[in-house]
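Working notes for the structure below.
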Amino acid sequence: MTKAIGRRRPDTYIRMSDAGYDHAAVERRWQEAWDDEDAYRTPDDVEDPTYVLGMYPYPSGKLHMGHVRNYTITDAYARFRRMQGDEVLHPMGWDAFGLPAENAAKERDTNPRDWTFDCIDTMTDQMESMGFGYDWDREIATCTPEYYQWNQWLFSRFHEEGLVERRDAEVNWCEDCGTVLADEQVEGEDELCWRCGMPVEQRELEQWFLRITEYADELLEDIDDLEGWPNSVRQMQRNWIGRQFGTELEFQVAGHGSVEAFTTRVDTIHGATFFALAPDHPISEELAEADDDVHRFVEHEADPEGDEPNGVATDLTATNPVTGEEIPVYVADFVLSDVGTGALMAVPGHDERDHAFATKMDEEIKPVIAPKPDDWDGETVPDAPDVSEEAFTDDGVLVNSGEYSGLESETARERLTADIDSAAESTQYQLRDWGISRQRYWGTPIPVVHCHDDCGAVMVPEEDLPVELPEFINTTGNPLDEAEEWKRTTCPDCGGDATRETDTMDTFVDSSWYFLRYVSPDADDVPFDLERANDWMPVDQYVGGIEHAVMHLLYSRFFTKVLADYEGLEHREPFENLLAQGMVQLEGEKMSKSKGNTVSPQRIVEEYGADTARLFMMQAAQPERDFDWSEEGVRSTYAFLSRLQEMVDGYVSDDPEGEDDAIASYVDAEIDATIAIASGEYDELTFNRALRETQDLTRTLRQYADYAEPHAETYERGLSAVVRLLAPVAPHLAEELWHELGYDGFVVDAEWPTAQVDRDYVAKRRRLVQNTREDIRDIVEVAGIEDPEAIDVVVAPDWTYDALEIAIESDADNLIGELMQESHIREQGDAAASYGQDLQAEREALSMTLGPDDEHAALESAAWLIEREFDAPVSVVHAEEADDSVLTNAEPGRPAIEIED
RNA sequence: GCGAGGGUAGCCAAGCGGCCAACGGCGGCGGACUCAAGAUCCGCUCCCGUAGGGGUUCGUGGGUUCGAUUCCCUCCCCUCGCACCA
């Protein structure tokens, strides 16, 4: 099969098979051909295409293996759906705003725009060299005014609907650089600026917020319906939103009026023995001015990060609204100002953290909830538990709680919330409003001007959009602050002097709706064509990294819901099915530049070709699992493709003239089997299994051609099936071979092969053949047969199949009696009785096999495999042609075997 | 601590009530081809067995079932996410 390509040199050999096929030429040829024909264009008038999308990349300048995996998955799936006859939308674009471009521009003394577009150019080339079939006419780059004007427009619309707010927020501030830093740019425990190394401080700045909390309930509740999403992601979003039902109520603090506290356990209120305030609670700050101890604690000792609960006593007392008791007030660092109300009633008997603090401060620990007794009558007040060593935190029955004693926790909560004047049911969320202000240049300018008179912050009117970025200025702080001319403007309301807002938007704004822009990327009067979006959305299959489980995916869901409420979008969820793809690792470790253990896709493409890289990745593991990159695996994948090429070459150059015999029918059945299985696996995105089947079929075809002169039609059917089954993953070589096999048009447009058989039938047939072969091997081995002369395979008699069927369907106690009612079974005498006993013994475990004729046919067509292996003639016979003595071992699914030596 | 997902033969890894001594790959062993090597192909790879048999296995210990790798509970370990969350 192999052809010598190399010349023999004096003292080296060229490894023949390693020469492989000319992947570079093949890939270039088909990339050009696709390009010439606009093969991946999705016209605007298609109806409800299958929308397949990979998370668009940040244009860092180089495609890495993670990208390659991500986009190979979407590309393979898109191609598969297309070959199945779907219209497909498979676009690509660039998450082109962001800090790295700004930093790169500063370092290289260029500007972010040029740098970004350079990166986009190289990455586009790399994507094309991977053979990804994108509709490049729909390409978007978020850093163009054509795109970001719609961020601004959406911001205004959100504002009109009351979903934008401007308020103070704490940010990381580096005085030296004069800028705000993202959390990840603050380094180490000392909180130093990543750039200048100076300490970072917290500063209150006016920031713009999108009120995502307005949608908290819907975002949470709709997670239940996202059945096409991985559980892990759904759970992470639930946690992130963090909804809690509880009670808000007031404690009177002497001299400070009423203080609001939130609790989920108002049933424990009789056990509240102290009250605690966050160090940055307004009362704490007030106290700190007068009380040295509090001052010292708030400024120096409080350590919210530490494990140990610390606090300081105050002179104040709070009044328990139920008992009227005066309890001491502490300022404590385990109370967080952004959780609940920043103030809490502490119940050490029933909360672990309160317990620890009470023990430390020697405060009273009082049991007010007892575990519900197993035999509880619903009235009697149980004995109070001992909570001196450990808090009892479960729900139970109230004790030591006056008139509420004897109630269950749940009931008590409802009653107390109703009875206490200042109390009301309250729902708390962990989700905060989304602060989108970034003190950066390379982002969407927030379309607001600040009036020098009294108009305040005023939206830039729609007709004045976009607010375009001015030229980049290389400076330490925010370049927009230095863009004096750009900043100077007039107030849209009063016409007076005004200054532009210099904050830009978080780039997650860009990515929260980009999937809608692909629908109509050139629309210049709307962000997206509504009618088409309603038809084309949602994204049918979204693929990307797990790192976006919360932020990007939550923000996109939020935007989609807002657009549904105010812009007529008829979908409330953007992504129907989500696949979080696994990592590409090297020796069990994540590839990373800093560790220096990366594998360059470009090198792999040069050495082995894009098809090899893609095929290796897709067959190595299920898409959601991590897997190890292996050069060994890549080489063997490449060898596989080379061999396939040789097989097709061989077939085309000399037409085989074999018979349509039993072997051909075996091969034919295997072709059907492979198609049936691989199609199902492609549908489930388990490419690894689909490809394993496809490679198995390729091997079967080779074995066939090695063993016999193949029947041309069968062999060709096999090759053309393999080529098409491989086409989604190895598109270039598939085009090449498709063409070589004599088909017109692209394989991307070819019809997916079809098979008549179902998977269950296939599985039964394969199992029969495999079991039979194994049995023969066992016998030969155990009996020590050196050199078999002849092998007989005898299918069980027809009546055994009938008996099996009766046994499966029967629910009679006495199966043998039931069997014997059939005269043709009864006639078998002892044999029937004996088989009947076997059936009776395994009654519950029986399952239907193929029928006797199907079994015969399956074995006959597989006989060549046995002949080839044992080098002995094999005859497959029906029971009636065999001697009775041979038949004793024959059962449905298990033929009798007779070996002559 | 809470939540999610896992723990399967030397390694990686499928299976998720009977077809399971358990798919597939790697590694190892033997064979075919070759002058040879590589590549390719065919077997074997828990233990015992001279006709397809038997025994012990799927983190641990229990349970449900005629029957469990598969279902339920306990505990141990791993990975990920959240977390002094009131």
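Here is how names work: the chains are called A, B, and so on, in the same order as the sequence lines, proteins then strands, and each is numbered from 1. In what follows, every heavy atom counts, from backbone to side chain, and hydrogens, waters and symmetry copies are set aside.
- Residue A:Q840 qualifies as enclosed at atom CD: its count of foreign heavy atoms under 6.0 Å is above 12.
- Separation of the C1' atoms belonging to B:rC80 and B:rG27 is 30 Å when rounded to the nearest angstrom.
- Residue A:D351 is out of contact with every strand shown, counting any heavy-atom pair closer than 4.0 Å.
- At the heavy-atom level, A:R689 lies under 4.0 Å from the strands shown only through sugar-phosphate atoms.
- Ion pairing of A:D224 with A:R234 is absent here, as no side-chain N (NZ or NE/NH1/NH2) approaches a carboxylate O to less than 4.0 Å.
- A centroid separation of less than 6.0 Å is found between the aromatic rings of A:F687 and A:Y682.
- To the nearest angstrom, C1' of B:rA4 lies 14 Å from CD of A:Q237.
- Among the atoms of the strands shown, base atoms are found under 4.0 Å from some heavy atom of A:P895.
- For the pair A:I241 CD1 and B:rC85 C1', the interatomic distance rounds to 16 Å; values are reported in whole Å.
- Note on A:R699: only backbone sugar-phosphate atoms sit closer than 4.0 angstrom, heavy atoms only; bases stay farther off.
- Taking the ring centroids of A:F616 and A:Y608, they lie at or beyond the 6.0 Å cut-off.
- In this structure, A:H548 places its NE2 atom 19 Å from P of B:rC80, rounding to the nearest Å.
- Across all strands shown, A:E352 has no heavy atoms under 4.0 Å from either base or sugar-phosphate atoms.
- Taking every side-chain heavy atom of A:P309 into account, B:rC84 is the closest of B:rA14, B:rA4, B:rC84.
- A straight line from CG of A:D871 to C1' of B:rC41 spans 15 Å, rounded to a whole angstrom.
- Among the atoms of the strands shown, none is found under 4.0 Å from any heavy atom of A:S847.
- Checking A:I779 against A:Q770, the closest nucleotide of RNA chain B that is more toward the 5' end is the one next to A:Q770.
- Spacing of P atoms, B:rA14 relative to B:rC84, comes out at 35 Å, to the nearest Å.
- Side-chain proximity of A:V339 to the nucleotides B:rA4, B:rC85, B:rC84 is greatest for B:rC85.
- Here, B:rA4 and B:rC46 have their P atoms 37 Å apart, quoted to the whole Å.
- Distances shown here put every side-chain N or O of A:R265 at or beyond 4.0 Å from the OP1 or OP2 atom of B:rA86.
- Counting non-hydrogen atoms under 4.0 angstrom, A:I546 reaches nothing in the nucleic acid.
- Looking at the side chain of A:Q235, the nearest of the listed nucleotides B:rA4, B:rU40, B:rG43 is B:rA4.
- Between A:E670 and A:R765 there is a salt bridge, since a side-chain N of the basic residue sits under 4.0 Å from a carboxylate O of the acidic one.
- The separation of B:rU50 from B:rC41, taken at their C1' atoms, amounts to 30 Å, rounded to a whole angstrom.
- In this structure, A:V335 reaches the bases: a heavy-atom distance under 4.0 Å links it to at least one base atom across the strands shown.
- Of the nucleotides present, none pairs with B:rC16 by Watson-Crick or G-U wobble criteria with both distances under 3.5 Å.
- Distance, A:L431 CG to B:rC85 P: 19 Å, rounded to whole Å.
- Using a 4.0 Å heavy-atom criterion, one finds that A:Q244 contacts the sugar-phosphate atoms exclusively.
- Atom C1' of B:rA86 sits at a distance of 30 Å from the matching atom of B:rU79, rounded to the whole Å.
- Judged purely by distance below 3.5 Å, without hydrogens or angles, the side chains of A:R238 and A:Q235 pair a donor atom with an acceptor atom.
- When Watson-Crick and G-U wobble pairs are counted only if both distances are under 3.5 Å, B:rG27 pairs with B:rU45.
- The side chain of A:V782 approaches B:rG49 more closely than any other nucleotide in the set B:rG49, B:rC84, B:rC44.
- A donor-acceptor pair shorter than 3.5 Å can be found between the side chains of A:E681 and A:T686.
- Phosphate proximity of B:rG43 to A:R773: present, with a side-chain N or O under 4.0 Å from OP1 or OP2.
- Taking every side-chain heavy atom of A:R894 into account, B:rG53 is the closest of B:rG53, B:rG43, B:rA51.
- Under the Watson-Crick or G-U wobble criterion, with both distances below 3.5 Å, B:rC82 is paired with B:rG1.
- Looking at the side chain of A:R767, the nearest of the listed nucleotides B:rC85, B:rC19, B:rA14 is B:rC19.
- Between the side chain of A:R692 and the base of B:rC23 there is at least one donor-acceptor pair of N/O atoms closer than 3.5 Å.
- Using Watson-Crick or G-U wobble geometry with both donor-acceptor distances under 3.5 Å, B:rU57 finds no partner in any strand shown.
- Between B:rC19 and B:rC12, the distance separating the two P atoms is 26 Å to the nearest Å.
- Spacing between atom CZ of A:R777 and atom P of B:rG52 amounts to 17 Å, rounded to whole angstrom units.
- Distance noted for atom C1' between B:rG15 and B:rG7: 15 Å (whole Å).
- Rounded to an integer number of Å, the gap from A:D338 CG to B:rC84 P is 9 Å.
- The pair A:R777-A:E869 counts as a salt bridge, with a side-chain nitrogen and a carboxylate oxygen less than 4.0 angstrom apart.
- For A:Q430, the listed nucleotide lying nearest its side chain is B:rC85; candidates were B:rC85, B:rG52, B:rA86.
- Atom CZ of A:F870 is separated from atom P of B:rA32 by 16 Å (rounded to the nearest Å).
- Comparing the same atom, C1', in B:rC47 and in B:rU65 gives a spacing of 29 Å after rounding to whole Å.
- Within the nucleic acid shown, A:D303 comes within 4.0 Å of at least one base atom, counting heavy atoms only.
- Comparing B:rC84, B:rG81, B:rA51 by their nearest atom to the side chain of A:M236 picks out B:rG81.
- Residues A:L846 and A:W240 both approach RNA chain B. Their nearest nucleotides, taken by heavy-atom distance, put A:L846 toward the 5′ side.
- If you check distances only, the side chain of A:D778 never reaches the base of B:rG52 with a donor-acceptor pair under 3.5 Å.
- Of the candidates B:rU40, B:rA86, B:rG43, B:rA86 carries the atom nearest the A:R353 side chain, counting heavy atoms from C-beta on.
- Counting only heavy atoms from C-beta on, A:Q703 has its side chain closest to B:rC41 among B:rA86, B:rG53, B:rC41.
- In this pair, A:F274 and A:F357 present their aromatic rings tilted. The plane angle is within the 30 to 60° band.
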